[in-house]
Amino acid sequence: MEYGKPRRVSLEKLRAIQLKLAEKVVEEDCFDRLENICGLDVSYKEDKAVACAVTVRFEGLRKIEAAFASSKAYFPYIPTFLSFRETPILMKAVRRLREKVDVFMVDANGVLHPYFLGAASHLGVLLDKPTVGVTKKLLCGELLEPRRLESGVTMAPIVVKGRIAGAAVSVRGLKPVYVSVGHKVSLETAVRLVVETLRNRMPEPIRLAHTLSRAYARGCQQTLRT
DNA sequence: GCGACAG
DNA sequence: ATCTTGTCGC
């Protein structure tokens with residue numbers, strides 16, 4: 001409700017933290033098997049933040065578990081500082097999961113960020129787990145020439161400060177989603193995972209987390225049943 | 001200084 | 001993100 005109060009930590013300090021954590025990001029595949037994928041998202045209800053972590057089996061995309069966490073939103077939304085708003089509540093939801101997770105998919109950017117540390121990467125480093133970032137709108141960077149892959153998938157690399165930081169991926173001529181490495185995964189694998197879990201505009205794990213966190217925030221018990 | 005800007 | 005109903009279209 002009121003974020004106007006002076007923060008005890010300056011944005012310059014937070015920027016320094018991002019630069020530090022960005023050095024720890026690993027852009028290579030660091031997982032042997034791919035059985036479960038967990039979608040992550042946060043919804044808001046006035047000044048309350050609700051996070052949902054929903055795990056699905058990669059084969060068939062069937063939901064096998066969902067965990068929630070809620071708290072007051074202590075940090076405002078400030079472009080390029082999203083992780084400081086959502087990482088705490090997402091960590092809380094993830095800790096409540098019981099089933100093993102191989103890769104996390106977050107509704108946020110990974111290294112597709114002006115300082116190469118979007119919320120998906122920030123979370124990945126804190127969890128020390130593989131994460132992929134996916135968004136519906138471009139935060140930064142310039143798109144290179146689109147490339148049509150075999151399965152009718154169109155991919156356009158995105159460059160940030162001279163580095164390929166992500167890719168615009170679109171299927172069946174739909175509006176693209178922006179994919180980037182979060183942590184411990186390669187861009188190639190990140191794109192593959194998104195394409196293989198894409199039923200609608202957003203990959204299924206994230207779409208589910210979005211629906212569930214929103215239902216939880218609005219107290220829709222019925223939707224949360226199954 | 002100006003404009004852009006994930007959720 | 002959120003405030004919000006019906007409605008146009010594949």
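In what follows, every heavy atom counts, from backbone to side chain, and hydrogens, waters and symmetry copies are set aside. So that the names make sense, note that chain A is the first sequence line, chain B the second, and so on, each numbered from 1. Just so you know, these numbers come straight off a predicted model, no measurement behind them.
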* Specify the separation, in whole Å, of atom CZ of A:Arg172 and atom C1' of C:dC10. => 12 Å
* Asked: Within 45° of the ring axis of A:Phe31 and under 6.0 Å from its six-membered ring centre, is that where the NZ or CZ of A:Lys129 lies?
  -> no
* Carboxylate-amine/guanidinium proximity below 4.0 Å for A:Lys72 and A:Glu46 -> no
* Asked: Looking for any heavy atom pair under 4.0 Å, which part of the strands does A:Thr80 touch: base, sugar-phosphate only, or nothing?
  -> base
* Structure fact -> A:Leu117 atom CG is separated from B:dA6 atom P, nearest whole Å, by 17 Å
* Grab the CD-C1' distance between A:Gln18 and B:dA6 for me, whole Å please. => 12 Å
* Do the numbers put A:Arg214 on top of the ring of A:Tyr44, so that NZ or CZ is under 6.0 Å from the six-membered ring centre and no more than 45° off the axis? -> no
* Asked: Taking OP1 and OP2 of B:dA6, is either one under 4.0 Å from a side-chain nitrogen or oxygen of A:Arg85?
  -> no
* Asked: Heavy atoms under 4.0 Å, any strand shown: does A:Arg214 hit a base, just sugar-phosphate, or nothing?
  -> sugar-phosphate
* Evaluate the ring planes of A:Phe84 and A:His122, with Trp represented by its six-membered ring, and classify them as parallel (under 30°), tilted (30 to 60°) or perpendicular (over 60°). => perpendicular
* A:Ser43 side chain, from C-beta outward: closest of B:dG7, B:dA6, C:dT2 -> C:dT2
* Structure fact -> note: A:His122, atom NE2; B:dG7, atom P; distance rounded to Å ~ 18 Å
* To do: Let me know the distance between NZ of A:Lys45 and C1' of C:dC3, rounded to the nearest Å.
  => 10 Å
* When all nucleic acid strands are considered with a 4.0 Å heavy-atom cut-off, which category describes A:His210: base, sugar-phosphate, or nothing? -> sugar-phosphate
* When we call it a touch if two heavy atoms are under 4.0 Å apart, what does A:Asp107 touch: a base, just sugar-phosphate, or nothing? -> sugar-phosphate
* Asked: Which is true for A:Phe81 with a 4.0 Å heavy-atom rule: it touches a base, it touches only sugar-phosphate, or it touches nothing?
  -> base
* A:Lys136, nearest nucleotide to its side chain (from B:dG7, B:dA6, C:dC3) -> B:dG7
* Asked: To the side chain of A:Pro79, which of B:dC5, C:dC3, B:dG7 is closest?
  -> B:dC5
* **Any donor-acceptor N/O pair, A:Ser180 side chain to A:Gly110 backbone, under 3.5 Å** => yes
* Counting side-chain heavy atoms from C-beta on, which of C:dC3, B:dA6, B:dG7 comes nearest to A:Glu86? -> B:dG7
* Asked: Checking all strands, does A:Ala119 fall into the base, sugar-phosphate, or nothing category for heavy-atom contacts under 4.0 angstrom?
  -> base
* Asked: Does OP1 or OP2 of B:dA6 have a side-chain N or O of A:Tyr77 closer than 4.0 Å?
  -> yes
* Which whole-number value in Å describes the distance from A:Tyr115 OH to B:dC5 C1'? -> 13 Å
